[in-house]
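Below is one structure, written out as structure tokens; the observations come after it.
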Number of protein chains: 2
Amino acid sequence: MAEQTLFLPPGALSELEEGGALTPKFDADGLVTCVATDEASGEVLMIAHMNAEALKRTIATGEAWYFSRSRGALWKKGETSGHIQRVVEMRIDCDQDAVWIKVEQTGGACHTGRRSCFYRAVPLGKDAPVTLEFRDERVFDPQAVYGGRT
Amino acid sequence: MAEQTLFLPPGALSELEEGGALTPKFDADGLVTCVATDEASGEVLMIAHMNAEALKRTIATGEAWYFSRSRGALWKKGETSGHIQRVVEMRIDCDQDAVWIKVEQTGGACHTGRRSCFYRAVPLGKDAPVTLEFRDERVFDPQAVYGGRT
């Protein structure tokens, strides 16, 4: 379905920033960026993208839908793993090209088995090359959850 | 400076996800996505982009640098407003195309004067059109801080 049938088109910058209408500014690929944080801990769980249909379904159902750029497909978070995201609150940013959802995350958000995709820290105050520090353990076995799928 | 002189190129997916080397996966425009959260409150302050030089400077200095897509320029957060971001921790995600920085934010992150760019909530359980709900007051006067600049 065309974006323009799901949301009103963006207006002038002043309307985007100070208006009360949700008029998402989709990029050339028809996407907005979405950051999902854990409602309880505040931890960033993942960053992904939504097209108009994913955004519409997330708003309507209160469960997170995304658009996979690599697969070119609409995707309900947890449809394979069961690790769904119940959206507690959604925010949109000043120029309406990014959304923030606070979620109750079942299981783990990351396909590698961690709670968050951001399981490695980058040490600061160094020049490259930088050695990453693993911070988070797996909370599920990706082989058991996804089987042969990667 | 070319990206390849600042960071090693990304390897195989297994190396990207489970390796200890920082090998950012810059997109076709040479950018990774960055989400900045408030170190104290956990609130998402902003989502922006970093090119290799911005990422390198952020790591080296512990202060946030970005790349402005609209201006096509490297940009130190707070260079005009004084509202700098001191990076307390940096994380990188599973496929190394997004970074999360926890920051101490001076003043406000948003050029509209709010602490966070995500000052409007999107009500859930509704079909479009959706009316946004303003949640956050201004913490500074953008006219006073930026003058005639928008």
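Chain A is the first sequence line, chain B the second, and so forth, proteins listed ahead of strands; every chain is numbered from 1.
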Hydrophobic clusters here meaning ILVMFWY residues chained together by side-chain heavy-atom distances under 4.5 Å, can you tell me if [X] and [Y] are in one?
X	Y	value
B/Ile101	B/Trp75	yes
A/Met46	A/Ile84	no
B/Trp100	B/Leu55	no
A/Met50	B/Leu132	yes
B/Val103	B/Ile92	yes

**Q.** Flag, side chain of A/Arg91 to backbone of B/Val122, donor-acceptor distance under 3.5 Å
**A.** no
Kindly give the heavy-atom pair with the smallest separation between [X] and [Y], and that separation in Å.
X	Y	value
A/Thr58	B/Leu124	O-CD2, 4.3 Å
A/Thr112	B/Cys94	CG2-CB, 4.2 Å
B/Ala98	A/Phe118	O-CE2, 3.6 Å

Please look at [X] and chain A and tell me whether the side chain, the backbone, both or neither of the residue comes under 4.5 angstrom of a heavy atom of that chain.
X	value
B/Arg57	neither
B/Val87	both
B/Thr131	both
B/Asp136	side chain
B/Glu43	both

Q: Evaluate the salt bridge (charged side-chain N to carboxylate O under 4.0 Å, His left out) criterion for residues A/Arg69 and B/Asp27: first the C-alpha distance (whole Å), next the side-chain angles of each, then the deciding distance (0.1 Å), finally the verdict.
A: CA-CA 12 Å; A/Arg69 292 181 300 177; B/Asp27 68 12; 5.9 Å; no
(Q) Measuring from atom CD of B/Glu17 to atom SG of A/Cys117, what distance do you get when rounded to the nearest 0.5 angstrom? (A) 9.0 Å
Q | Whether over 12 other heavy atoms sit under 6.0 Å from A/Glu133 CD | A | yes
Sort out for me which of [options] touches chain B most, counting heavy-atom pairs under 4.5 Å.
options	result
A/Ile59, A/Ile47, A/Val35	A/Ile59
A/Met90, A/Arg135, A/Arg120	A/Arg120
A/Ala121, A/Gly42, A/Ser116, A/Cys110	A/Ala121

Q.
Run A/Lys126 and B/Leu22 through side-chain contact (heavy atoms from CB on, under 4.5 Å) and show every step you take.
A. CA-CA 12 Å; A/Lys126 309 211 174 178; B/Leu22 177 61; over 6 Å; no
Largest heavy-atom contact set with chain A, pairs under 4.5 Å, which of [options]:
options	answer
B/Arg114, B/Glu18, B/Lys102	B/Glu18
B/Thr37, B/Leu16, B/Asp95	B/Leu16
B/Gly62, B/Pro123, B/Ser41, B/Ala21	B/Ala21

